[in-house]
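The structure appears right after this line, and notes come after that.
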Amino acid sequence: MAENNVGLPTPAGYFPLDDARLRVWLSGLPSLAAHVGGDAAHWRIDEVGDGNLNLVFLVRGTVGGVCVKQSLPYVRAVGESWPMPLERAFFEHQHNQIAGPYLAGLIPQTFHYDSTLYASVMELLSPHLILRQGLIAGRRYPHAATAVAEFVARSAVLTSPLAQPFEQVFDQTAIFSRNHALTRVTAELIFADPFEHLPRNRWTSPELDQDAADIRNDANLRAAVARLGHRFLTQKEALLHGDLHTGSVMVTEADTRVIDPEFAVYGPVGFDVGVFIANLLMAFFAQPGHASAADSRQTHAAWILAQAGAFWRHFAQRYDALWQENGGGDAWPARLFTTPAQRDAFARARRERLREIYSDALGFAGAEIIRRILGFAHNQDFEAIADPLRRADAERRSLTLARALLLTPSPFADMDAVLQHAQRLAVPIADEATA
Ligand code: SR1
Ligand code: MG
């Protein structure tokens, strides 16, 4: 072990990649270099990482290309003042190893993992875009919501004791329970930070100063979010992606891939469900901020909202079907439910389980919205709105929905009720009078 300049131990042999080092390293791995093709000196290499944490390189040559993702020993978006262990690449690799076999076609193929450089070499997804960027640009991806729902449903059932022997699940849970650094990020950034005065928090100021203070000072909201934080840390239901926002999905019109499972941990299924729904809801509320003279974005906003419904419906239907088809694990042993009466009881229990996931998801969605507007890690849906008044308006409407999801969820008997409420909240005040 050596010490890097941020004081964290890094393994001997680790170095951050750059254009020159990547050419040398990759050309020393002939089977990977073959995916790129041609003379390494002529490869086109672009560093495209736009997330908070890692280096991401796209390498293109005469045959095709690869994507190389590497951990840095600190939070990229902040710099060396926020050290961050390199192991996140290991947990992303473990997710690919353990959940990957169930997720064919929904994740990029991984060709190689280097445990010294904490780097993965993956399939180059082209001409894919990050889903969030596409939604901001006004583009539609007709299959994205159902593909992400399929990813969540397969992960939720097939990595859990519904489908696996408990010994296997316990061993996997033990692996991901070492994902301390990124689980701490989630525990603090989602479930605590927005309720404290911290230098790393920010919001659209001064427009949202009062909203931020109201949220910080709302004891019931603190309790609702803390309760969910407790569930996140204790309910080891299935292997989560752990950071399933619209920036973790790459799309074309026909193809959808979920990327970046470095926050993977065993947790409550409703967390992934709620985070993804929250990010669609924020994309929806942000649309007026992206309007132009030619496009009010109303139609696009309505389409995005409908995707949240399609996502939940597909998830619920597939979770139920996959459970019935793969119920060979130690939880809910299939052999106990064979007579008509037993099968009825099992069907009722499955409906109850989906109600539980739905209820969790509403709360996690509320917590995700609040942290994206008042915490450290914001999203481009709002950040790309240059006018602070318009940005604050979209953010305030989102916060209003988040509070309702967390504090008064009972009117939201089903997802349609959530979407109708979001639609009502999105109507500008002036239009409400004439509606
Ligand atoms: C310090 S990392 C901040 C955020 O970026 C990641 O994408 C996660 O969402 C995390 O909460
Ligand atoms: Mg990420």
Side-chain angles (χ1 to χ4, degrees), residues 6 8 47-57 67-96 107-108 110 118-120 122 125 128-133 148 151 179-196 198-203 225 228-229 232-233 240-251 257-265 267 271-272 274-280 282-283 364-365 367-383:
V6 291
L8 278 174
E47 203 285 309
V48 296
D50 65 349
N52 289 312
L53 292 172
N54 306 299
L55 292 172
V56 181
F57 298 91
C67 170
V68 179
K69 179 176 173 183
Q70 186 187 32
S71 295
L72 289 166
Y74 51 84
V75 174
R76 176 187 175 145
V78 172
E80 298 181 359
S81 62
W82 189 344
M84 187 62 61
L86 296 163
E87 281 75 17
R88 56 192 182 272
F90 167 78
F91 292 108
E92 178 161 323
H93 176 60
Q94 287 299 308
H95 184 279
N96 283 322
I107 57 175
T110 296
Y118 291 88
S120 290
M122 292 173 275
L125 296 176
H128 298 60
L129 270 187
I130 293 286
L131 174 58
R132 193 192 302 287
Q133 301 303 341
V148 177
F151 172 99
N179 198 357
H180 287 177
L182 294 200
T183 301
R184 174 151 295 286
V185 166
T186 299
E188 293 183 356
L189 267 57
I190 299 184
F191 298 111
D193 279 17
F195 301 92
E196 297 181 271
L198 294 173
R200 69 187 179 194
N201 285 343
R202 68 186 171 86
W203 53 83
V225 171
L228 288 161
F232 175 76
L233 294 172
L240 305 182
H241 176 281
D243 194 26
L244 193 53
H245 53 79
T246 49
S248 296
V249 181
M250 294 193 70
V251 284
R257 310 290 185 96
V258 176
I259 61 169
D260 283 1
E262 62 200 325
F263 283 76
V265 71
F271 182 79
D272 276 355
V275 166
F276 192 67
I277 288 172
N279 280 269
L280 289 176
M282 287 186 279
F364 286 123
E368 166 74 358
I369 290 171
I370 289 173
R371 74 91 168 218
R372 291 289 182 193
I373 296 172
L374 304 181
F376 165 77
H378 289 228
N379 56 32
Q380 275 300 308
D381 307 75
F382 297 131
E383 299 291 289

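For ligands, and for the atoms within them, numbers begin at 1 and follow the listed sequence. Everything numeric in this text was worked out from a predicted model, so none of it was measured.
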Item checked: Ser248 side chain to Asp260 backbone, donor-acceptor under 3.5 Å -> no

Item checked: Any residue meeting salt bridge (Lys or Arg N to Asp or Glu O under 4.0 Å) with Arg257, in chain and number order, not counting sequence neighbours -> Glu123, Asp255

Item checked: Asp193/Arg184 salt bridge by N-O under 4.0 Å criterion -> no

Item checked: Residues in side-chain hydrogen bond (donor to acceptor under 3.5 Å, both in side chains) contact with Glu262, at least two apart in sequence or another chain -> Asn54

Which protein N or O atoms sit under 3.5 Å from any N or O of ligand 1? Give atom names and distances.
unit_1   : atom_1 : unit_2 : atom_2 : d
ligand 1 : 5 (O)  : Asn52  : ND2    : 2.7
ligand 1 : 7 (O)  : Asp243 : OD2    : 2.8
ligand 1 : 9 (O)  : Asp243 : OD1    : 2.7
ligand 1 : 9 (O)  : Asp243 : OD2    : 3.3
ligand 1 : 9 (O)  : Arg371 : NH2    : 3.1
ligand 1 : 9 (O)  : Arg372 : NH2    : 3.1
ligand 1 : 11 (O) : Arg371 : NH1    : 2.8
ligand 1 : 11 (O) : Arg371 : NH2    : 3.4

Note to self: Glu92: which residues meet the salt bridge (Lys or Arg N to Asp or Glu O under 4.0 Å) condition with it, sequence neighbours left out?
What the structure shows: Lys69

Item checked: Ionic contact status for Glu383 with Arg132, cut-off 4.0 Å -> no

